[in-house]
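Just so it is clear, the values below take in all heavy atoms, side chains as well, and ignore hydrogens, waters and symmetry mates. The shown structure was predicted, so the numbers you read here are calculated from the model rather than taken from an experiment.
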Amino acid sequence: MNKKNLYSTFNKPDYMIFGLLIVFPLISVFFNVWLALSELAAGVGYIVYRFLSRKKHSEQLYSYLQSITLYLDEASKESLTRFPMPVTLLSSKGDIIWYNDLFHEMLSDNKIPEIFGKNFDIIAPQITIGQDSISQKHDITFLGRHYSIFVMRQGGGTKDDFYCVYWIDITDTRNELVKLRSSRLCMAYLLVDSYDELPSSVTELQKSTFITRVDVKVRAFIKSVDGILQKLDSDKYLVIFEQKHLQSLEKNKFKILSDVREISVDGFHATLSMGVGCGADSVKDTDIAARTALDVALSRGGDQAVVLNKDKYTFYGGNSDGAQKRKRVKVRIIAEALMAHVQNSDNVIIMGHKFADLDCVGSAIGIAKCVQSFGKQPYIIYNPRENLSKTMYASFMKLPGYENVFVDVLQAPRLITENSLLVITDTHNIEYVESEKLFSEFKRVVIIDHHRKTVQNAIEGAVINFHEPNASSCCEMVSELCESVPHLRLTRQEANALMSGIFLDTKTFTERTGARTFEAAAYLKKQGADTAEVKEFFKSDIESYKKQIDIIADAQVINEKYAVSVWKDAPFDGIKLIASKAADEMLNLNNIESSYVIYPEGGDTHISARSDQHGNVQRDMERLGGGGHRGAAGAQLKDVGVNAAYDMLIEVLNNPESEEK
């Protein structure tokens with residue numbers, strides 16, 4: 001606020017006259033010095049006169065306006081005049097018609113002239129006087145101090161109503177609150193992701209050196225935030241520091257993550273996961289927030305920091321594929337728990353995500369095999385109108401034992417009983433399941449998924465949550481479950497279905513593979529999987545291939561490392577699958593780290609995104625409301641055109657930053 005402009009003693013015509021009174025003597029001095037001096041003296045006299053007269057006028061106006069309260073009863077007038085806080089009276093239009101001595105002192109202390117007759121919007125333009133509400137509370141800044149003001153309507157709702165504004169100075173309270181918040185404790189749990197995954201070729205001396213170097217980095221980090229450290233285990237730390245240091249950590253995007261990643265042994269790099277809790281009302285709640293944040297960091301693949309401030313998540317890092325921490329014993333426990341729930345159910349409904357792909361369908365078939373081995377009837381929900389695996393569906397519907405397994409999503413409700421079990425594969429986001437309405441009918445839900453966890457719309461309360469973000473695919477996870485079930489023998493077609501999901505998500509074993517991926521593939525091979533037959537699921541017709549080439553031909557290179565293509569024509573059958581294939585293909589272009597295909601579908605705009613080991617499309621898509629994996633992700637933008645979606649994507653690519661949820 002510019003005080004001189006708002007509360008100047010003189011108005012604009014006065015300043016114009018003053019300017020002329022100065023200019024005339026300057027001109028006259030060239031002709032007659034005495035004339036110039038006379039004009040100057042007259043001008044100074046006029047300015048002094050105007051100043052004194054304006055001041056006297058303001059004082060008279062102040063005295064006069066105080067008499068406005070005469071229409072109030074004597075008690076009300078006395079109450080307002082002697083009220084122990086500043087009070088301002090406003091007309092029905094918001095004009096200032098009176099204020100008490102304390103408000104007058106506020107103006108005088110800041111050398112501000114009287115402001116009678118001015119509209120209240122010169123003080124708080126964001127407040128609208130004359131609204132229907134009887135009482136309003138606002139926090140504003142005025143003359144360098146912070147106030148809570150209460151605007152109270154007086155009268156019976158007529159044009160003669162006026163408003164009382166009560167001022168409460170909260171500057172000192174607010175400053176103390178800022179100090180208190182900055183001195184609040186933050187708690188953080190740090191976990192060395194890669195500690196248990198060191199190669200067997202690493203010697204004990206190398207391992208000890210590796211651990212020591214990580215420990216040195218962590219302790220240097222603690223020193224930088226004036227925190228205290230408790231080492232809970234060989235690979236886990238508890239850190240406590242003041243919240244005022246959190247801003248600097250967020251500003252440098254938790255540099256400790258990249259510092260630790262520089263440590264390597266035998267080509268194996270260290271990674272760190274961190275969960276930070278802050279903003280809670282108690283130390284206990286802060287500890288719970290930190291533990292929750294660490295769980296989220298690990299469920300998203302590790303090598304990242306997650307800050308949980310009250311209910312808001314902020315993510316940093318996540319630029320590498322996490323180490324596989326899935327244990328055989330865990331898979332066996334999951335298999336036993338699944339068997340127990342299946343045997344206590346009337347039937348088992350298996351449902352994947354919308355536009356089911358080979359990984360979704362293949363994993364559903366694997367779960368159906370497990371359910372059959374437990375002696376229960378499985379049903380796989382599918383959408384014959386919208387899916388990306390029509391060839392697989394068609395081949396299995398002809399097989400013995402699968403004639404009644406596949407059920408149209410529209411016919412599924414008739415199968416549900418009070419004791420039905422729902423198994424969701426290849427997603428954990430309620431917005432992505434094939435049917436949210438169908439999901440809501442179940443009391444017990446099992447989740448099997450490998451996508452990095454989202455904090456929005458994640459399914460909660462599952463009786464079993466088999467979530468492994470470091471698995472290559474959902475089919476890899478289900479293959480291990482099948483291997484853990486006693487006496488289960490897959491047919492060649494079932495093994496092919498599971499293998500196709502691994503093929504799809506690893507791009508034929510070229511990305512996101514680990515030792516467990518190849519072990520799962522070896523198991524499927526022993527069960528009769530034929531890679532030549534698996535490739536049949538990936539073939540497309542000539543027209544689809546031509547459209548894929550058209551999408552690639554329209555691609556633009558952004559910032560020398562991103563390939564972006566926009567399909568602006570009308571959507572066609574199978575566009576989702578073709579867009580994902582085109583995105584995969586664009587990664588073969590020189591220097592391209594990430595590729596994106598934007599296309600219309602179903603009235604909305606979709607983005608299919610892929611990246612190599614240098615990019616992270618999951619982070620990009622989450623900023624647009626989507627999700628997925630570091631190497632494969634997508635987003636669905638409702639009520640957004642393809643051109644607007646393109647602009648939104650370019651904004652994300654040009655401004656990489658942390659994610660907030």
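Proximity of a side-chain donor or acceptor of Ser565 to a complementary backbone N or O of Ile551 within less than 3.5 Å is detected. In this structure a side-chain-to-backbone donor-acceptor pair under 3.5 Å is missing from Asp357 to Leu388. Using a distance-only test at 3.5 Å, with no hydrogens or angles considered, no donor-acceptor pair links the side chain of Glu536 to the main chain of Glu533. Formation of a donor-acceptor pair under 3.5 Å by the Asp426 side chain with backbone atoms of His450 is not found in this model.
Salt-bridge annotation for Lys576 and Glu601: absent, with no side-chain N of the basic residue lying under 4.0 Å from a carboxylate O of the acidic one. The existence of a salt bridge linking Lys369 and Glu494 is confirmed by a sub-4.0 Å separation between a basic side-chain nitrogen and an acidic carboxylate oxygen. By the 4.0 Å N-to-carboxylate-O rule, Glu468 lies close enough to Lys330 to be salt-bridged with it. In summary, Arg492 and Asp530 do not engage in a salt bridge, as defined by a charged side-chain N under 4.0 Å from a carboxylate O. Between Glu622 and Arg619 there is no salt bridge, since none of the side-chain N atoms of the basic residue sits less than 4.0 Å from a carboxylate O of the acidic one.
Remark: Asp233 pairs with no residue by the side chain to side chain donor-acceptor pair (under 3.5 Å) rule, at least two apart or across chains.
Annotation: the span from Lys581 atom NZ to Phe538 atom CZ amounts to 8.5 Å, rounded to 0.5 Å.
Counted within 6.0 Å of CG on Asp573, heavy atoms from surrounding residues, nucleotides or ligands total 12 or fewer; the atom is thus considered open. More than 12 heavy atoms of other residues, nucleotides or ligands shown are found within 6.0 angstrom of CD on Glu403.
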Checking Lys354 against Glu386 for the salt bridge (Lys or Arg N to Asp or Glu O under 4.0 Å) test, could you report, in this order, the C-alpha distance in whole Å, the side-chain angles of both residues, the deciding distance, and whether it holds?
CA-CA 8 Å; Lys354 298 172 183 175; Glu386 296 179 344; over 6 Å; no

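What you find for Ala495 and Gln527 is that their closest heavy atoms are CB-CB, 4.1 Å.
Using modelled atom types and a 3.5 Å distance limit, the side chains of Ser420 and Arg444 yield no donor-acceptor pair.
Note that Lys236 lies in the cation-pi zone of Tyr189, set by a 6.0 Å cut-off to the ring centre and a 45° limit from the axis.
Checking Ile349, Ile365, Val407 one by one against Ile380, the side-chain contact (heavy atoms from CB on, under 4.5 Å) holds for a single residue, Ile365. Of the candidates Leu422, Thr425, Leu421, Ile424, Thr425 is the only one forming a side-chain contact (heavy atoms from CB on, under 4.5 Å) with Ile350.
Looking only at side-chain heavy atoms (C-beta outward), Gln372 and Val405 come within less than 4.5 Å of each other. Proximity of Tyr599 to Val597: side-chain heavy atoms (C-beta onward) are separated by under 4.5 Å at one or more points.
Between His467 and His428, the gap from one ring centroid to the other is short of 6.0 Å. Centroid-to-centroid, the aromatic rings of Phe518 and Phe509 come within less than 6.0 Å.
Classified by interplanar angle (parallel below 30°, tilted 30° to 60°, perpendicular above 60°), the ring pair Tyr393/Tyr382 is tilted.
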